[in-house]
Amino acid sequence: MKLVVTGAKGTIGQAVVRYALSQGAQVLAVDNVGRGDGEGHYLAADLTDLGQCCEVLQGADAVINLAAISAALQRSSAQTLMTNVAITYNVCMAAALVGVQRVVWASSVQVFHSYPTLRRAQYRYFPVDEDHPNDPQNAYALSKVLGEQIAEYFAHQHGLTTLSLRLPEVVPPEIWSELPRPIEPWEHSPLPHYVHLEDCARVCYLAATVPLPPATHHVLLITAEDTSADQPTLSIIQRYYPDAEIRAELPGYAAMLSGKRAERLLGFQPQYRCHQ
Ligand SMILES: NC(=O)c1ccc[n+]([C@@H]2O[C@H](COP(=O)([O-])OP(=O)(O)OC[C@H]3O[C@@H](n4cnc5c(N)ncnc54)[C@H](O)[C@@H]3O)[C@@H](O)[C@H]2O)c1
């Protein structure tokens with residue numbers, strides 16, 4: 001299995017490269033930081049450029065695309081949108097051109113609402129699943145909604161298998177001890193969702209390797225089984241979303257997002273939870 005991991009110098013990318021190597025994959029790590037290692041393990045490339053995307057994807061079985069401006073307020077909104085859409089489009093286009101069948105990329109739960117929140121999000125039901133309506137509130141979240149449309153387009157027009165992983169807050173080991181934590185005092189639309197970095201790396205790898213039919217696009221919510229909040233889930237819903245429909249039992253600190261589709265499709269079960 002030959003994998004290309006983009007955004008490989010980032011938080012998630014580094015963990016995905018480590019995990020994929022531990023599973024015996026051959027990995028080409030790509031990012032636009034610094035320069036390549038001269039050994040073919042790490043290549044510096046700007047993925048807003050289609051030619052560079054084609055070159056790095058040559059000969060791969062799958063790409064895990066984590067390169068992006070990874071949050072709002074890092075760059076201007078226009079640059080965030082243009083960069084993220086360009087990378088998602090170019091990576092898919094390059095995959096189609098050079099014959100890489102599988103594209104996994106990082107969408108975000110911010111398709112439902114954004115950080116920082118501009119206005120109250122209206123969750124209609126809990127647990128929130130992939131069919132819940134989107135409400136992107138900034139250019140970063142919009143780039144994820146458009147990215148999912150790009151992934152859908154390449155599945156249907158070019159026969160690729162594409163997976164849009166809607167990641168929640170990805171929690172690295174160094175801040176794991178901070179969880180569970182209170183909801184921020186200013187937060188008026190909390191959805192205290194998270195996944196541990198190691199679980200995130202594993203689900204990215206599964207998404208790249210589990211057998212799936214061609215010409216299909218899969219949107220998958222990724223979540224731990226519990227929330228990161230220090231108060232029970234039903235009390236959060238009653239306080240912030242009193243009109244929402246409750247569609248499943250949500251005992252204790254149960255997640256407000258549904259991870260069922262990822263479990264069904266990929267066999268993914270998170271191993272980390274912050275509430276015992
Ligand atoms: N970390 C989270 O909590 C979280 C949550 C939801 C979604 N995501 C998404 O997951 C992905 C990875 O997130 P992360 O936290 O590792 O981000 P990160 O900022 O740590 O890493 C992103 C990497 O992309 C690289 N990059 C940016 N522009 C590039 C370009 N033009 N060409 C090549 N490389 C480029 C950066 O150099 C960086 O190393 C992003 O798409 C992000 O939006 C992250």
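In what follows, residues are counted from 1 in the order of the sequence shown. Remember, it's 1-based here, ligands and their atoms both numbered in the order they're listed.
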In ligand 1, which numbered atoms sit nearer than 4.0 Å to a non-hydrogen atom of [X]?
{"X": "Glu169", "value": "3 (O)"}
{"X": "Ala68", "value": "22 (C), 24 (O), 26 (N), 27 (C), 40 (C), 41 (O)"}
{"X": "Gly7", "value": "23 (C), 24 (O)"}
{"X": "Ile87", "value": "28 (N), 29 (C), 30 (C), 31 (N)"}
{"X": "Val33", "value": "37 (O)"}

Side-chain ([X]) to main-chain ([Y]) donor-acceptor, under 3.5 angstrom:
{"X": "Tyr241", "Y": "Phe126", "result": "no"}
{"X": "His158", "Y": "Leu160", "result": "no"}
{"X": "Gln276", "Y": "Arg273", "result": "yes"}

Sub-3.5 Å N/O-N/O distance, [X] and ligand 1:
{"X": "Leu47", "answer": "yes"}
{"X": "Val170", "answer": "yes"}
{"X": "Asp31", "answer": "yes"}

With rounding to the nearest 0.5 Å, note down the distance linking CH2 in Trp105 to CG in Leu165.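 If I round to the nearest 0.5 Å, the distance is 9.5 Å.
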
How many angstroms lie between CG in Leu81 and CZ in Arg75, if you round to the nearest 0.5 Å?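 That separation rounds to 14.0 Å.
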
Closest approach of any protein heavy atom to [atom], naming residue and atom:
{"atom": "atom 34 (N) of ligand 1", "value": "Asn32 N, 3.4 Å"}
{"atom": "atom 11 (C) of ligand 1", "value": "Leu66 O, 3.5 Å"}
{"atom": "atom 31 (N) of ligand 1", "value": "Asp46 OD1, 2.9 Å"}
{"atom": "atom 7 (C) of ligand 1", "value": "Ser107 O, 3.4 Å"}
{"atom": "atom 6 (C) of ligand 1", "value": "Leu167 O, 3.3 Å"}
{"atom": "atom 10 (O) of ligand 1", "value": "Ala106 CB, 3.2 Å"}
{"atom": "atom 20 (O) of ligand 1", "value": "Thr11 N, 3.0 Å"}

Option passing side-chain hydrogen bond (donor to acceptor under 3.5 Å, both in side chains) with Ser143 (candidates Thr80, Thr83, Asn84):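 In the set Thr80, Thr83, Asn84, the residue that makes a side-chain hydrogen bond (donor to acceptor under 3.5 Å, both in side chains) with Ser143 is Asn84.
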
Where does [X] meet ligand 1, judged by heavy-atom distances below 4.0 Å: at the side chain, the backbone, both, or neither?
{"X": "Ala45", "value": "backbone"}
{"X": "Pro168", "value": "backbone"}
{"X": "Lys144", "value": "side chain"}

Worked check of side-chain hydrogen bond (donor to acceptor under 3.5 Å, both in side chains) between Glu148 and Ser164: CA-CA 6 Å; Glu148 291 185 2; Ser164 300; 5.0 Å; no

Touching ligand 1 at all, Tyr140? Heavy atoms, strictly under 4.0 Å? yes

Validation row, ring centre Phe154 to ring centre His156 under 6.0 Å: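 So the answer is no for these two rings.
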
How far apart are the C-alpha atoms of Tyr253 and Asp230, what are their side-chain angles, what is the distance that settles it, and do they pass the side-chain hydrogen bond (donor to acceptor under 3.5 Å, both in side chains) test? CA-CA 8 Å; Tyr253 302 91; Asp230 64 357; over 6 Å; no

Would you tell me which option among Thr6, Asn84, Ile12 has the nearest heavy-atom contact to atom 13 (O) of ligand 1?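 Looking at heavy atoms only, the winner is Ile12.
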
For atom 19 (O) of ligand 1, state which one of Ser108, Gly10, Cys53, Ser70 supplies the nearest heavy atom.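 When every heavy atom of Ser108, Gly10, Cys53, Ser70 is considered, Ser70 comes closest to atom 19 (O) of ligand 1.
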
Among Leu179, Val195, Leu197, whose side chain to side chain contact (heavy atoms under 4.5 Å, CB included) with Val171 holds?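 So, applying the side chain to side chain contact (heavy atoms under 4.5 Å, CB included) to Val171 and each of Leu179, Val195, Leu197, only Leu179 qualifies.
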
Result of checking Leu212, Val104, Val210 against Thr161 for side chain to side chain contact (heavy atoms under 4.5 Å, CB included): Leu212

Salt bridge (charged side-chain N to carboxylate O under 4.0 Å, His left out) with Asp131: which of Lys260, Arg261, Arg124? Arg261

In terms of hydrophobic clustering (I, L, V, M, F, W, Y; side-chain heavy atoms under 4.5 Å; direct or indirect links), are Val100 and Leu3 co-clustered?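 In one cluster with Val100: Leu3, no.
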
